[in-house]
Amino acid sequence: MVFVISADSVRDLRVSRPREYLMCPPERFAVAYSINPWMDPAAPVDTDRALAQWTGLRDLLVELGHTVYTLAPLPELPDMVFAANGAFSVDGTVFGARFRYPQRTAEAGAHERWYTASGWRYVPAAHVNEGEGDFAYVPAAHGGVVLAGYGYRTEPPAHAEAQEVFGRPVVSLRLTDPRFYHLDTALAAISDDNVAYYPDAFSPASRRVLAELFPDAVLADEADALAFGLNLVSDNKHVVLPAEAAGMAAKLGAAGYAPIPVDLGELKKGGGSVKCCIAELRA
Ligand code: ARG
């Protein structure tokens, strides 16, 4: 006898875990300079619209049962809405960011002050790293593995630094397509033990490593990645992703997840979407 388990019944079996997140409202959001191929300072940005879209995302996370903390935006830091870049935390330890570009350097201190005031153990970084932009954590795979991107922002020595800070294996992955300049534009943890990624954003060797570590990964194609379909946040069941990424939502649905589309079109002008706006706090 053969039992066929449908995506619907897998979805019913998936259990979401409540999360804690840190976000920063885009009250000062602008595209004032260009440090990634998505940013065009000549294109108009509607800050009120960005704020309304961001508020929708925050309210959705709260409705899903998650806790969202807010970091106050500072003047002269128009990219601060991309809170994922400010640090990376695992097991209650926070590894601070050190930004590549001077336009964003001061964001690291704002994050440090928030974490320190909130009682987290904060370890400052010696090498350039852009927090969760280039670090992902998969808690139940390979004993708790950190996936780390390099090629555009984070420097490889920061990967070794993170391994010393966390005592978890850190797997270095080389990004090779400038449109996908941060790891979180090309790969996401979708469950406690699995990831989704766009293979062509990585070097052939890194692709081999990913295929070896995650044989059941959900694979994205170029259209999915260009729609920022990998810039998602998952609670192990619900996967919040940009509405534009309908193809990615279908793939995740077929794999037994519950995709929830949100419109973050205004923030995409800065080169970011759902995941970029959210730092996960892993106590
Ligand atoms: N404009 C920002 C930058 O280029 C976007 C950051 C997006 N964040 C992310 N986690 N991918 O630095």
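Values below: every heavy atom of this structure, side chains too, minus hydrogens, waters and symmetry copies. Order of appearance sets the numbers: ligands from 1, and atoms from 1 within every ligand. Since this is a predicted model, take the numbers as computed values, not measurements.
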Results of side chain to side chain contact (heavy atoms under 4.5 Å, CB included) for Ala188 - residues two or more places apart only: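 Counting only residues at least two positions away or on another chain, Ala188 forms a side chain to side chain contact (heavy atoms under 4.5 Å, CB included) with Leu232.
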
Presence of salt bridge, Asp192 and Arg19, under 4.0 angstrom: yes

Decide, yes or no, whether a salt bridge links Arg28 with Glu76 under the criterion of side-chain N to carboxylate O below 4.0 Å. no

What atoms of ligand 1 come within less than 4.0 Å of a heavy atom belonging to [X]?
X: Arg153; answer: 3 (C), 4 (O), 12 (O)
X: Gly133; answer: 10 (N)
X: Asp184; answer: 9 (C), 10 (N), 11 (N)
X: Tyr181; answer: 4 (O), 5 (C), 6 (C), 7 (C)
X: Met39; answer: 1 (N)
X: Asn85; answer: 6 (C), 7 (C), 8 (N), 9 (C), 10 (N)
X: Gly270; answer: 1 (N), 2 (C), 5 (C)
X: Ile35; answer: 3 (C), 4 (O), 12 (O)

If you count the non-hydrogen atoms of other residues, nucleotides and ligands that lie under 6.0 Å from CZ in Arg168, is the total more than 12? yes

Can you name the side-chain hydrogen bond (donor to acceptor under 3.5 Å, both in side chains) partners of Tyr33, sequence neighbours left out? Asp79

Polar atom proximity, Asp79 to ligand 1 (N or O, under 3.5 Å): yes

Relative to the ring of Phe135, is the ring of Phe88 parallel (under 30°), tilted (30 to 60°) or perpendicular (over 60°)?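 The rings of Phe88 and Phe135 lie parallel, inter-plane angle below 30°.
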
